[in-house]
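Computed from heavy atoms alone, side chains included, the values below leave out hydrogens, waters and symmetry copies.
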Amino acid sequence: MEIVTKRFLLRDFVESDRSPFLDYQADPRSQIFYEPSEASPENSTRLFEAFCIWASEHPRLNYQLAIVQRREPYVLVGCCGLRGKGCDAGEMELGIELAPDYWGRYAYAIEVGRALLDFGFRELRLDMISGSTVSANVRITRLAEWIGAEVVAIRPGSTWMSERGWSEVDWRITREQWDRRTTA
């Protein structure tokens, strides 16, 4: 599975991605918006292995892809995905995670987000793409606003969020909303 953008190749994970993935996952900046129990090398290893398994499933319910620069040195800059497990038919959940060294750089998340939304709505024929984030994650909030997503719920979130004064924000965008956004 591959999606090509101007600067990136979004593709299934391969074994050579393991080390850079685990390295950026271990960066304390990466862990700030995760539940403490999820911020461990063991959890990151489990995630990597799950991503590789998902790539071979038929039918495929989850697309979790490596974000790799298209030019040398072909660096892994993060991961992204559309995940359908647990979602209603015609809906998937979008997620984008950039390695901390690439946060806020040259609209990387916008480029990746646009490619995933196009893939989801045009190739997979989804009706809706949703997402969820910690209220303090302003980068994702800006991305959701940029794509034209609407906030559908704000919840207290789990204890670790509440202890920090954060909540959980759910958003969604429909195919019709995306089509209006991209043809305007």
Side-chain angles (χ1 to χ4, degrees), residues 1-34 44 47-56 60-84 92-126 128-134 136-149 169 171-175 177-184:
M1 166 72 215
E2 293 183 353
I3 301 171
V4 178
T5 74
K6 181 179 177 182
R7 296 177 288 184
F8 303 109
L9 175 63
L10 314 180
R11 59 157 171 75
D12 289 321
F13 278 90
V14 295
E15 188 58 36
S16 61
D17 297 323
R18 182 184 295 264
S19 180
F21 176 79
L22 297 177
D23 287 348
Y24 89 71
Q25 286 274 306
D27 185 315
R29 296 172 295 170
S30 276
Q31 299 172 2
I32 191 166
F33 297 125
Y34 289 99
S44 297
L47 283 174
F48 183 85
E49 291 169 359
F51 300 162
C52 293
I53 290 169
W54 291 349
S56 64
R60 191 160 182 179
L61 299 176
N62 299 296
Y63 296 83
Q64 192 68 29
L65 308 172
I67 305 170
V68 180
Q69 290 177 340
R70 286 184 56 201
R71 296 186 183 160
E72 285 191 51
Y74 309 113
V75 174
L76 177 76
V77 300
C79 68
C80 61
L82 290 170
R83 296 172 298 277
M92 291 182 113
E93 181 180 10
L94 178 125
I96 298 173
E97 174 181 83
L98 296 176
D101 290 343
Y102 300 95
W103 289 355
R105 294 189 61 186
Y106 314 110
Y108 283 11
I110 289 172
E111 184 173 333
V112 169
R114 170 173 279 204
L116 284 176
L117 289 163
D118 281 340
F119 173 71
F121 288 129
R122 289 174 177 67
E123 301 295 321
L124 299 178
R125 305 298 301 153
L126 297 174
M128 183 173 16
I129 295 176
S130 60
S132 181
T133 191
V134 174
N137 192 340
V138 295
R139 289 177 183 91
I140 295 297
T141 300
R142 284 195 306 258
L143 177 64
E145 289 171 355
W146 180 87
I147 66 172
V169 180
W171 55 266
R172 71 171 175 223
I173 184 168
T174 65
R175 183 183 328 164
Q177 289 169 314
W178 182 244
D179 287 344
R180 280 195 305 271
R181 174 110 175 114
T182 57
T183 58

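- Partners of Ser30 by side chain to side chain donor-acceptor pair (under 3.5 Å), not counting sequence neighbours: none found.
- For the residue pair Ile147 and Ala144, the shortest heavy atom distance occurs at CG1-O, 3.2 Å.
- Every residue meeting the side-chain contact (heavy atoms from CB on, under 4.5 Å) condition with Glu145, not counting sequence neighbours, appears here in chain and number order: Thr141.
- Partners of Asn137 according to the side chain to side chain donor-acceptor pair (under 3.5 Å) rule, which considers only residues two or more places apart in sequence or in another chain, do not exist here.
- For the pair Cys79/Tyr24, a side-chain contact is recorded, criterion being any heavy-atom separation below 4.5 Å from C-beta on.
- Residues Ile67 and Tyr108 have side chains not in contact (no heavy-atom distance under 4.5 Å, counting atoms from C-beta outward).
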Would you list the atom pairs, donor with acceptor, under 3.5 Å between side chains in residues 113-126 and any protein atom, with sequence neighbours excluded?
residue	atom	partner	partner atom	Å
Asp118	OD1	Arg122	NH1	3.1
Asp118	OD1	Trp178	NE1	2.8
Arg122	NH2	Thr182	OG1	3.3

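- Scanning for side-chain contact (heavy atoms from CB on, under 4.5 Å) contacts around Val4 gives Leu9, Arg70, with sequence neighbours left out.
- The salt bridge (charged side-chain N to carboxylate O under 4.0 Å, His left out) check on Asp101 picks up Arg29, with sequence neighbours excluded.
- Residues passing the side chain to side chain donor-acceptor pair (under 3.5 Å) test with Thr133: none are found, sequence neighbours excluded.
- Considering every non-hydrogen atom in both Ile129 and Trp171, the closest pair reads O-CZ3, 4.0 Å.
- Applying the side-chain contact (heavy atoms from CB on, under 4.5 Å) criterion to Ala50, with sequence neighbours excluded, gives Trp54.
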Listing, residues 12-21 side-chain donor-acceptor contacts under 3.5 Å, not counting sequence neighbours, or none:
residue	atom	partner	partner atom	Å
Asp12	OD1	Arg60	NH1	3.3
Asp12	OD1	Arg60	NH2	2.5
Asp12	OD2	Met1	N	3.1
Asp12	OD2	Arg60	NH1	3.4
Glu15	OE1	Arg18	NH2	3.3
Glu15	OE2	Arg18	NE	2.6
Asp17	OD1	Arg11	NH2	3.0
Asp17	OD2	Arg11	NH1	2.6
Asp17	OD2	Arg11	NH2	3.4
Asp17	OD2	Val14	N	2.9
Arg18	NH1	Glu49	OE2	3.3

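- Annotation: side chain of Phe8 is in contact with side chain of Gln69 (closest heavy-atom distance under 4.5 Å).
- In this structure, the side chain to side chain donor-acceptor pair (under 3.5 Å) partners of Gln25, at least two apart in sequence or on a different chain, are Ser44, Glu97.
- Scanning for side-chain contact (heavy atoms from CB on, under 4.5 Å) contacts around Pro28 gives an empty result, with sequence neighbours left out.
- Here the OG-CG distance, from Ser130 to Leu82, works out to 9.5 Å after rounding to the nearest 0.5 Å.
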